[in-house]
Amino acid sequence: MSDFNQEAFCKATYAADSAEAGVCAAFAASADVGAGLDVFYLLFAAAFVFFMQAGFAMLCAGSVRQKNVKNIMLKNILDACGGALGFWSVGYAFAYGGAEGGKTGFIGNSGFFLKGFSDGGDLIGWFFQFAFAATAATIVAGTVAERCKFEAYLCYSLMLTGFVYPVVVYSIWSPSGWISAFNTDPSVGPGMHDFAGSGVVHMTGGITALIAAKILGPRIGRFHDADGNELPEPHTFPPHSVALQVLGTFILWVGWYGFNPGSTLLIASKASGDTAALCAVTTTIAAASGSVSAMFTDMFLYRRKTGETAYDITMCMNGALSGLVAITAGCSMVAPWASFVIGIIAGWVYIAWSNLLIKLKIDDAVDAIPVHFGNGIWGCIAVGLFAEGSRLDNAYSTTHGMYGLFYGGGVKLIGAQIVGVLWIIGWVSVIMTPYFIVLNMLGMFRVDALEEEVGLDISHHKGAAYDLSGPTEEAAEKYELSMSQRKIEVPKDDELDAPAAEETA
């Protein structure tokens, strides 16, 4: 039975009522069901990933000051809109167009505006990948919040999703990418293994955010006073709603169950089911350990500095997100115990990068750079350390024998991971650095000081997000007068008893 060739068997001609024809019909029906199940699975996973836009919106809205809520929410909505249009028109074609095994290229060249797409598998593939592209763009929104011009945001969002991100995708995820693990002959070792996008999605968005924040400059009052003198300690702008921050964090965590398990792309086989289940487990463990690691490490550092014990909810939330980013590359290739270690280290990486940004006086309004860029790097490197042979083979359907360093796989895999990390940093930096510099030179990047001071909601979006005005003083006085006239004097008990006594007499 192991040598049975189903395709060759069913190509033969059989009588309509023969057993052989019945077997082939059953094979065809099974294939149709499997294909439909795979499409439905990607639909579910892509919807979860797209729902992460709501998580980013809530997290960013809660993190900024009240005067900038409308602005950041609108940018999150337009990320989805711009990502959809950019990825439909050119982005997906650049990311996957014309890619096929056996050849190596730099960028896709077919499928613009989804021309020729009619099969359910092709269409749902676009939908899934669009959700990832929109995520990469959204990462930048929080970093440059409260001082970035709206038109600049639209420009770089389209640039990122329509060109910069697709080239990264082509190189690492397409079968023709020069460093892709799906290429039959990658240029570096076994190719970069980034299963769900620690590098492709999160590093790309993170390094873009870093470049943008550096060129844009910090918010007014963050590192210097009104006279331009450096503050002894950087000023912290408190979030306007911790509740929205926590809600956003939980939505993102839930969305990651579409992000990581969904990256199997298939579910109708035992191998894909096993991989998806492993992804769900490792994702959960890494998020939990990252959260605990960041919060308690920060608590110990704070107690050592001040002698007091305090638990920072921001560390708890961003630690969880850091663990999620870090496990994204290797979620299908590492054992549960390794995901715990990856999450613990992710919490430390987040704290280290957050402190580094402050020392460099780079203002990240939501700490997206430490979460996505810092831990995107760590996640890619972790694959080269912890990737287990059997799990990697199952996830990538390969037997190249180059596994994690801790499993005796040598240095070729971790070498490919490092080259991939450097490639993403180099490519995004070469394109986005001059792009942001030009925007800044043209005066299109940053709002003026007065607009920043009054808030972008009032200066750019026709008013504040919240109507906090109470009743006018005149209305309040009228209400009090009305209530005083409605008061009814209730007689005392002895006054009620007096008339009854008189009648008895």
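Every heavy atom of this structure was used, including side-chain atoms; hydrogens, water molecules and symmetry mates were not. All figures in this text were calculated on a predicted structure; none of them were measured in a lab. By convention here, the first residue in the shown sequence is residue 1.
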Exercise. Looking at the rings of Phe259 and His202, which for Trp means the six-membered one, are their centres under 6.0 Å apart?
Worked result: yes
Exercise. Roughly how far apart are Ile377 CD1 and Ile207 CD1, rounded to 0.5 Å?
Worked result: 7.5 Å
Problem set entry | Val334 vs Ile327 side-chain heavy atoms within contact, under 4.5 Å | yes
Exercise. With Glu146, which residues qualify under salt bridge (Lys or Arg N to Asp or Glu O under 4.0 Å), at least two apart?
Worked result: Arg65, Arg219
Exercise. Looking at CZ of Phe195 and CG of Leu278, how far apart are the two atoms once the value is rounded to the nearest 0.5 Å?
Worked result: 9.0 Å
Seminar exercise, completed: Interatomic distance, CG@Leu74 vs CG@Leu456, rounded to 0.5 Å, equals 11.0 Å
Problem set entry | All side chain to side chain contact (heavy atoms under 4.5 Å, CB included) counterparts of Leu252, not counting sequence neighbours | Met52, Phe56, Leu59, Trp256, Leu321
For this session: Using the salt bridge (charged side-chain N to carboxylate O under 4.0 Å, His left out) rule, collect all pairs that involve residues 368-396, keeping only residues at least two apart or in two chains.
Result: Glu388-Arg391
Problem set entry | Aromatic ring proximity, centroids under 6.0 angstrom, Trp88 and Tyr92 | no
Problem set entry | Heavy-atom donor-acceptor pair, Thr328 side chain to Gly197 backbone, under 3.5 Å | no
Exercise. Under 3.5 Å, is there a donor-acceptor pair linking the side chains of Asp312 and Tyr302?
Worked result: no
Exercise. In chain order, what residues pass the side chain to side chain contact (heavy atoms under 4.5 Å, CB included) check against Thr184, with sequence neighbours excluded?
Worked result: none
Problem set entry | Under the side chain to side chain contact (heavy atoms under 4.5 Å, CB included) test, residues paired with Ala320 that sit two or more places apart | Trp253, Ser291
Problem set entry | Thr104 versus Asn183, side-chain donor and acceptor atoms under 3.5 Å | yes
Exercise. Does the separation of the ring centres of Tyr257 and Phe48 fall below 6.0 angstrom?
Worked result: no
Problem set entry | Nearest-0.5 Å distance that lies between atom OG1 in Thr282 and atom CZ in Phe386 | 13.0 Å
Just distance, no hydrogens or angles: give the donor-acceptor pairs under 3.5 Å from side chains in residues 439-446, sequence neighbours left out.
residue: Arg446; atom: NH1; partner: Leu216; partner atom: O; Å: 2.9
residue: Arg446; atom: NH1; partner: Gly217; partner atom: O; Å: 3.2
residue: Arg446; atom: NH1; partner: Pro218; partner atom: O; Å: 2.9
residue: Arg446; atom: NH2; partner: Pro218; partner atom: O; Å: 2.7
residue: Arg446; atom: NH2; partner: Glu452; partner atom: OE1; Å: 2.9
residue: Arg446; atom: NH2; partner: Glu452; partner atom: OE2; Å: 3.3

Exercise. If you round to the nearest 0.5 Å, how far is CG of Leu42 from CZ of Phe127?
Worked result: 10.0 Å
For this session: Determine, step by step, whether Thr275 and Ser272 satisfy the side chain to side chain donor-acceptor pair (under 3.5 Å) criterion, reporting the C-alpha distance in whole Å, the side-chain angles of both residues, the deciding distance to 0.1 Å, and the verdict.
Result: CA-CA 5 Å; Thr275 300; Ser272 57; over 6 Å; no
Problem set entry | Minimum heavy-atom distance between Asp363 and Ala213, given as atom pair plus value | O-CB, 3.8 Å
Problem set entry | side chain to side chain contact (heavy atoms under 4.5 Å, CB included) partners of Ser289, counting only residues at least two apart | Phe340, Ile344
Exercise. Between His193 and His400, does the ring centroid distance fall short of 6.0 Å?
Worked result: yes
Exercise. What about Phe44 and Phe40, are their ring centers closer than 6.0 Å?
Worked result: no
Exercise. Above 12 or not: heavy atoms from other molecules or residues under 6.0 Å from OH of Tyr435?
Worked result: yes
Show me the side-chain donor-acceptor pairs of residues 157-175 shorter than 3.5 Å, one per line, residues at least two apart or across chains.
residue: Ser157; atom: OG; partner: Asp79; partner atom: OD1; Å: 3.2
residue: Thr161; atom: OG1; partner: Ser157; partner atom: O; Å: 3.0
residue: Ser171; atom: OG; partner: Val167; partner atom: O; Å: 3.4
residue: Ser171; atom: OG; partner: Val168; partner atom: O; Å: 2.8
residue: Ser171; atom: OG; partner: Trp423; partner atom: NE1; Å: 2.8
residue: Trp173; atom: NE1; partner: Asp194; partner atom: O; Å: 2.7
residue: Ser174; atom: OG; partner: Tyr170; partner atom: O; Å: 2.7
residue: Ser174; atom: OG; partner: Ser176; partner atom: N; Å: 3.2
residue: Ser174; atom: OG; partner: Gly177; partner atom: N; Å: 3.2

Exercise. Of all heavy-atom pairs between Ile358 and Pro234, which one has the smallest distance, and what is that distance?
Worked result: CG2-CG, 3.5 Å
For this session: Over all heavy atoms of both residues, which pair between Gly273 and Ile267 is shortest? Give the atoms and the distance, please.
Result: CA-CD1, 3.9 Å
Exercise. How many angstroms lie between OG in Ser322 and CH2 in Trp348, if you round to the nearest 0.5 Å?
Worked result: 13.5 Å
Exercise. Between Glu230 and Lys361, is there a salt bridge with N-O shorter than 4.0 Å?
Worked result: yes
Problem set entry | side chain to side chain donor-acceptor pair (under 3.5 Å) partners of residues 47-64, not counting sequence neighbours, each pair once | Gln53-Thr138, Ser63-Gln245
Problem set entry | Qualifying residues under side-chain hydrogen bond (donor to acceptor under 3.5 Å, both in side chains), relative to Ser429, sequence neighbours excluded | none
Exercise. Using a distance-only test with no angle check, is there a side-chain donor-acceptor pair under 3.5 angstrom linking Asn71 and Lys75?
Worked result: yes
For this session: Output every pair passing salt bridge (charged side-chain N to carboxylate O under 4.0 Å, His left out) with a member in residues 274-298, not counting sequence neighbours, ordered by first then second residue.
Result: Lys270-Asp274
Problem set entry | Test salt bridge (Lys or Arg N to Asp or Glu O under 4.0 Å) applied to Glu100 - qualifying residues, sequence neighbours left out | none
Problem set entry | Name of the residue among Tyr96, Phe117, Phe94 meeting ring pair (Phe, Tyr, Trp, His ring centres under 6.0 Å) with Phe112 | Phe94
